[in-house]
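Notes follow once the structure below has been shown.
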Amino acid sequence: MTGSPNEEGAAEFLPEEEMEADARRPRVITVAFWLLIAAAVLWMPVAGGGDPAAGQTETQILAVYLVFAVRIRRSRWKARIAVTAAAVWLLVVLGSRAQGFTAPESPYGREYAVLDSMAVVLAATGVALLYGRHGTAYFRRRPR
């Protein structure tokens, strides 16, 4: 929280009530972290979708997503970019399956569609919080 607003690249001053005491990170980063982790937990049973080859790729992308979601808490700006890319990939590939899960010929039930839809909402919200005002200030002020 050092630096004046006149310095180039200086972070905005965040009020103390919006910062966590232990790590000096905005609460929105912690909320975004937990939303991203919750989305990953909901996507775990959905990954694969009956196709073993696709399931392996989806599981690997999900693992990358989890690794970079954890690194976000340490203010790694590259992690923010990587988790965004992985989340978009998961949103497109796994999110599109929600409609297929509700089809009568699908081997999976509506439960998978609900899990998938909830994961999409959680991941999208988590990524949006990373790029909000406090999230951007947090990633700007920390060493890269």
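Computation of the quantities below employed the complete heavy-atom set of this structure, encompassing side-chain atoms and omitting hydrogens, waters and symmetry-equivalent molecules. The structure displayed is predicted, hence computed values, not measured ones.
Rounded to the nearest 0.5 Å, atoms OG1 (T84) and OH (Y131) are 3.0 Å apart. The distance from the CG atom of L42 to the CD1 atom of I37 is 11.5 Å, given to the nearest 0.5 Å. To the nearest 0.5 Å, the span separating CZ on R73 from CD1 on I29 amounts to 10.5 Å. Interatomic distance, CG of L90 versus CD of E58, reported as 8.0 Å (0.5 Å rounding).
Nearest approach of A69 to L36, heavy atoms of both residues: CB-CB, 4.3 Å. Here the shortest heavy-atom pairing between A40 and L66 reads CB-CD2, 3.4 Å. Counting all heavy atoms, side chain and backbone alike, Y138 lies closest to I72 at CE2-O, 4.0 Å. L115 and P45 get closest at one heavy-atom pair: CD1-CG, 3.9 Å.
Using a 4.5 Å cut-off between side-chain heavy atoms of Ile, Leu, Val, Met, Phe, Trp and Tyr, with links allowed through other members, V121 and L91 fall into different hydrophobic clusters. In the hydrophobic clustering of this structure, I81 groups with L129; members are Ile, Leu, Val, Met, Phe, Trp, Tyr whose side-chain heavy atoms approach within less than 4.5 Å, directly or through other members. Follow the hydrophobic side-chain contacts under 4.5 Å out from V83 and you never reach V67; the two are in separate clusters. Both M118 and W34 are members of a single hydrophobic cluster when ILVMFWY side chains are connected at heavy-atom separations under 4.5 Å.
Judged as a side-chain contact (heavy atoms from CB on, under 4.5 Å), and not counting sequence neighbours, the contacts of A39 are W43, Y65, A119, L122, A123. Residues satisfying the side-chain contact (heavy atoms from CB on, under 4.5 Å) criterion with A82, sequence neighbours excluded, are F68.
A donor-acceptor pair under 3.5 Å is formed between the side chain of R80 and the backbone N or O of L130.
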